[in-house]
4 protein chains.
Amino acid sequence: MPPARKRKPAAGLKSRAAPKPAARPPRARKIEPEARRQAILKAALAVFAERGFEAARLDDVAARAGVAKGTLYLYFEHKEALFEALIRTAVSPVMEQFGKLAAAPNLPPLQAIEAFFALFQNEVLGTERKLLLRLIIAEGPRFPAIAEMYHREVVVRGIGLMRALAERAARQGAFATNGAARYPQLIVAPLLMAVIWDGLFSKIDPLDVGGLLRAHREVLIGKPQKGVS
Amino acid sequence: MPPARKRKPAAGLKSRAAPKPAARPPRARKIEPEARRQAILKAALAVFAERGFEAARLDDVAARAGVAKGTLYLYFEHKEALFEALIRTAVSPVMEQFGKLAAAPNLPPLQAIEAFFALFQNEVLGTERKLLLRLIIAEGPRFPAIAEMYHREVVVRGIGLMRALAERAARQGAFATNGAARYPQLIVAPLLMAVIWDGLFSKIDPLDVGGLLRAHREVLIGKPQKGVS
Amino acid sequence: MPPARKRKPAAGLKSRAAPKPAARPPRARKIEPEARRQAILKAALAVFAERGFEAARLDDVAARAGVAKGTLYLYFEHKEALFEALIRTAVSPVMEQFGKLAAAPNLPPLQAIEAFFALFQNEVLGTERKLLLRLIIAEGPRFPAIAEMYHREVVVRGIGLMRALAERAARQGAFATNGAARYPQLIVAPLLMAVIWDGLFSKIDPLDVGGLLRAHREVLIGKPQKGVS
Amino acid sequence: MPPARKRKPAAGLKSRAAPKPAARPPRARKIEPEARRQAILKAALAVFAERGFEAARLDDVAARAGVAKGTLYLYFEHKEALFEALIRTAVSPVMEQFGKLAAAPNLPPLQAIEAFFALFQNEVLGTERKLLLRLIIAEGPRFPAIAEMYHREVVVRGIGLMRALAERAARQGAFATNGAARYPQLIVAPLLMAVIWDGLFSKIDPLDVGGLLRAHREVLIGKPQKGVS
DNA sequence: GATGAATGAGGATTCATTCAT
DNA sequence: AATGAATGAATCCTCATTCAT
């Protein structure tokens with residue numbers, strides 16, 4: 001989805017355009033517009049994450065993306081539009097991963113949980129994606145559209161997944177209670193905690209996320225785990 | 001007639017004044033400096049929480065506090081100093097509450113947990129203090145001094161309290177595992193989740209925090225709770 | 001619709017603009033960056049000279065240079081940087097003139113003195129450069145870097161020139177004493193006096209600089225001058 | 001001349017009030033108002049001299065004078081009024097000294113010159129009064145009233161004195177030419193030079209004022225001075 | 001399409017001046 | 001008279017956005 005070329009028609013957020021641009025057949029021009037767009041988004045994630053939406057300077061985004069400042073406006077209407085695109089773009093891949101987990105409903109719940117935690121550690125906490133999550137937490141309150149999108153795209157699905165999983169686990173006796181089935185947020189909460197802890201205290205008091213999640217699993221299961229570390 | 005700061009009383013510039021006209025008492029004096037300071041801090045909490053540190057305008061803080069812009073600088077050196085004072089000030093009272101819980105070490109752990117959750121619901125989630133927590137989460141990464149202070153004053157103590165509690169509970173068999181004793185963050189994580197959820201989704205999908213915490217308790221205990229609510 | 005810098009195009013605030021309306025060419029572009037830089041420096045000289053460093057308003061400089069306020073910052077980091085550039089820039093051309101005098105060391109000293117005085121009258125007192133000198137005198141004490149630069153670039157060289165000249169004159173008997181050779185400042189002092197007098201009293205009691213300098217020459221020579229003027 | 005108690009009637013400078021308050025019979029109250037006034041003026045001289053009129057902060061003046069900021073306004077209408085009073089006040093004593101010189105018209109001109117230079121060295125260059133002179137030079141252009149006053153009170157009289165002296169010297173053959181008689185500024189110019197040099201270069205290249213003035217005398221006289229140093 | 005110089009509204013901060021005590 | 005907290009206009013500087021090339 002190349003440039004925008006609209007003179008701020010009314011302020012966006014509404015234009016809930018195509019679900020995904022879906023990689024247009026490349027025609028090898030100067031520099032693939034899509035690549036440029038990606039470069040900008042990547043730069044934007046770094047800059048927005050480091051400084052927050054307001055303090056982020058588009059100058060920095062442009063410099064980091066290796067484009068001119070004006071170029072940003074060929075791809076995004078506003079700073080705000082860039083920010084929202086950034087979130088939207090980065091959120092999708094996570095969903096795909098979710099899809100994989102959901103696609104294996106016959107996986108024993110404990111293994112599924114384990115897989116989910118691992119996925120989170122590797123694909124979120126271990127990557128720039130944790131910045132994204134942090135950004136949503138920090139800026140979401142000022143960007144209802146983003147919060148709404150995130151809720152719809154990620155939270156609802158994630159909760160659904162977790163609930164199914166927890167219900168299965170509770171039914172099979174793998175979880176000692178159905179508390180997590182009733183409030184699947186409980187499964188995710190420590191992950192959130194890990195992200196926030198990382199953002200605030202990683203320098204002064206780093207958290208052993210592996211240990212945290214192992215302990216979390218024990219609590220969910222309701223009894224000490226033997227075998228696994 | 002030489003230069004000297006002309007007050008240019010002619011010319012437009014009609015008072016870019018207050019979004020809330022709020023009939024400003026012309027020259028409110030003798031309002032107990034401390035009260036004024038509190039008013040500023042209160043206003044600052046509201047404004048900073050609503051917009052974030054960078055986007056917050058001191059004009060708004062002043063207007064909201066019912067003082068002139070310059071007055072802020074009689075009480076705080078900077079925007080940043082105001083922000084930090086805000087956090088510091090608001091953090092202490094929470095500590096006192098913590099103190100009360102800690103002062104009752106012979107309280108049965110389950111009751112202590114329950115009390116703690118209730119305290120959090122009433123004194124944090126139910127008040128403006130949740131804004132504070134949200135601010136720390138959102139802005140902490142850019143304010144190491146604040147993160148550090150919060151860690152020292154709140155997190156370390158809180159974790160200590162929770163750990164003692166969880167250990168007692170584990171020893172007495174009240175908790176099915178010692179997971180929470182090893183990672184007391186697990187006890188607090190759902191509270192964090194509640195605050196963040198509230199900030200992001202309260203409008204579109206409010207969370208039943210009471211239910212969440214009841215379920216959380218069940219999970220911690222490792223078996224369904226009868227009786228209680 | 002979230003926050004984001006609202007351009008508030010409604011509401012008053014009618015352009016606190018230019019003291020000199022001067023039909024501003026809307027978006028003057030491609031005006032040779034160097035020319036623009038010069039325009040800014042020229043405007044800055046006028047404004048700084050009229051009001052002094054502190055009282056000078058960059059708004060005025062911008063208006064006078066026919067650029068937007070922000071444009072100044074594309075060319076100069078600070079108000080102070082602009083000020084220093086201003087001094088530096090304006091100082092060099094004077095040096096070139098000095099060079100010419102120095103390049104004619106065989107010129108009879110009296111003629112050299114005469115040429116020097118004429119140069120000063122035409123190139124300093126008769127132009128905006130006298131403002132520069134006045135600025136250095138007035139602001140130099142607060143700008144050590146500028147004083148140092150001026151000393152190094154102008155004073156040391158100027159003194160050197162004058163000393164060589166005065167020594168020659170003394171040796172040849174053209175000057176009755178070697179006082180000026182020992183303190184070449186004596187040759188220059190009346191020029192300084194002229195600049196200061198001009199700045200303070202030109203309106204109420206203008207000084208005949210030509211007469212002053214003729215008399216000065218007589219004194220230096222040690223006997224009445226016949227012939228010349 | 002105690003307080004002012006007028007609400008900025010029209011901006012002053014006109015109120016060319018009493019020539020001198022003339023020490024009112026002290027009634028030993030709290031703190032002699034006149035003493036307070038003097039303290040303020042003294043503080044003001046220091047602060048204005050160090051920073052210039054615009055940059056000088058009345059807070060600093062007040063602090064230095066040991067009074068509250070508001071108190072300044074009991075004694076002076078404006079910052080500007082304070083500045084002008086400062087100049088006026090400090091100028092008078094110099095005039096008295098002048099008087100003494102003028103009162104000895106039978107003193108041999110060379111001795112009178114010498115006395116004058118000594119007076120300047122001791123009473124101006126050697127004291128805070130040089131700051132005053134510097135202030136007048138630097139700020140005078142923006143304060144026509146001050147320039148005018150200074151011209152009237154100091155310059156005209158000084159020039160008159162110098163002229164009389166130079167004429168006598170020329171007539172008696174003590175001066176080789178009547179150049180200085182025609183432009184008595186020539187006598188004073190090196191003094192000015194000394195003040196300015198001191199302000200700009202005292203740190204990096206101090207000037208031997210004694211030597212300068214001796215050389216100056218030689219030049220004026222038109223032949224080397226034996227005897228004196 | 002891309003560029004980046006130019007624009008100018010906006011916001012933090014300062015400080016002369018006022019005025020209730 | 002003296003105080004100093006309060007005021008708010010003024011000013012520097014930033015940075016999102018525009019637009020001529």
Side-chain angles (χ1 to χ4, degrees), chain A residues 2-3 5 7-8 29-31 33 36 54-60 62 67-75 77-80, chain B residues 4-9 13 15-17 24 26-31 33 36 54-60 62 67-75 77-80, chain C residues 4-9 13 15-17 26-31 33 36 54-60 62 67-75 77-79, chain D residues 2-3 5 7-8 29-31 33 36 54-60 62 67-75 77-80:
Chain A
R5 266 302 133 109
R7 298 291 164 80
K8 211 194 297 192
R29 249 181 294 147
K30 280 278 171 104
I31 299 170
R36 216 154 243 250
E54 269 288 328
R57 287 184 293 131
L58 292 189
D59 260 332
D60 288 349
V67 302
K69 201 156 34 139
T71 303
L72 300 182
Y73 288 83
L74 297 175
Y75 290 84
E77 276 202 272
H78 306 311
K79 190 184 188 182
E80 210 176 304
Chain B
R5 223 161 262 267
K6 281 147 294 189
R7 285 284 157 110
K8 216 192 288 196
L13 260 296
S15 67
R16 287 208 295 110
R24 192 186 315 142
R27 282 259 161 167
R29 219 64 85 69
K30 267 301 94 127
I31 299 188
R36 206 155 256 245
E54 275 289 336
R57 290 184 296 131
L58 291 188
D59 270 12
D60 288 349
V67 303
K69 227 177 323 169
T71 303
L72 300 183
Y73 290 86
L74 295 176
Y75 291 85
E77 275 227 302
H78 298 315
K79 190 183 186 183
E80 205 172 313
Chain C
R5 222 162 265 268
K6 280 149 293 186
R7 285 286 156 107
K8 213 193 287 191
L13 260 294
S15 67
R16 286 204 299 109
R27 279 259 163 163
R29 220 63 85 69
K30 265 305 89 126
I31 298 189
R36 207 153 254 247
E54 274 290 337
R57 291 183 296 132
L58 291 189
D59 270 12
D60 287 350
V67 303
K69 228 178 322 168
T71 303
L72 301 182
Y73 292 86
L74 295 177
Y75 292 85
E77 277 226 301
H78 300 314
K79 191 183 187 183
Chain D
R5 266 303 133 112
R7 298 289 164 82
K8 211 196 296 192
R29 249 180 297 145
K30 279 280 168 104
I31 299 172
R36 216 155 243 250
E54 270 287 330
R57 287 182 296 130
L58 292 188
D59 260 333
D60 288 349
V67 302
K69 202 159 27 143
T71 303
L72 300 182
Y73 288 83
L74 296 176
Y75 290 85
E77 275 204 90
H78 306 310
K79 189 185 190 185
E80 210 176 304

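From a predicted model like this one, the values you see are computed outputs, not experimental measurements. We use all heavy atoms of the structure for the numbers below, so side chains are in, but hydrogens, waters and symmetry mates are not. Every chain is numbered from 1, with letters handed out A, B, ... down the list of sequences.
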Notebook entry, point to check: 5'-most contact on DNA chain F: C/G70 or D/G70, nearest heavy atom basis?
Noted result: D/G70

Check: Which residue lies toward the 5' end of DNA chain E, B/H78 or A/V67, if each is placed at its nearest nucleotide?
Finding: A/V67

Check: Stem ranges for DNA chain E, with three or more consecutive Watson-Crick or G-U pairs under 3.5 Å?
Finding: E:2-21 with F:2-21

Check: For the pair made of CG in C/L74 and P in E/dG8, what is the distance, rounded to whole Å?
Finding: 13 Å

Check: Rounded to the Å, how far apart are B/E77 CD and E/dT13 P?
Finding: 10 Å

Next item on the list: Specify the closest pair of heavy atoms between D/E54 and D/K79, including all atoms of both residues, with the distance to one decimal.
Entry: O-NZ, 3.0 Å

Check: B/L58 and B/L72: which non-hydrogen atoms are nearest, and at how many Å?
Finding: O-CD1, 3.5 Å

Check: Once you round it to whole Å, what is the distance between C1' of F/dT7 and CG of B/D59?
Finding: 13 Å

Notebook entry, point to check: Can you tell me how far P of E/dG10 sits from CG of B/L58, to the nearest Å?
Noted result: 16 Å

Next item on the list: Could you check whether C/A56 gets within reach of a base, just the sugar-phosphate, or nothing at all, counting any heavy atom under 4.0 Å?
Entry: sugar-phosphate

Notebook entry, point to check: Whole Å only: how far is the CG atom of B/L72 from the P atom of E/dT13?
Noted result: 10 Å

Notebook entry, point to check: D/E80 has an atom CD; how far is it from atom C1' of E/dA16, in whole Å?
Noted result: 12 Å

Next item on the list: State whether D/R36 places a side-chain N or O below 4.0 Å from either non-bridging phosphate oxygen (OP1 or OP2) of F/dA2.
Entry: yes

Note to self: Go nucleotide by nucleotide along DNA chain F from the 5' end; which of B/Y75 and C/E54 gets its closest nucleotide reached first?
What the structure shows: B/Y75

Item checked: Side chain proximity check, B/T71 to B/R36, heavy atoms < 4.5 angstrom -> yes

Item checked: Minimum-distance nucleotide to A/Y73 side chain [options: E/dT7, F/dA6, F/dA16] -> F/dA16

Margin query: From NZ of D/K69 over to C1' of F/dA2, roughly how many Å is that when rounded to an integer?
Written below: 15 Å

Next item on the list: Quickly work out the D/R57 CZ to F/dA10 C1' distance and round it to whole Å.
Entry: 16 Å

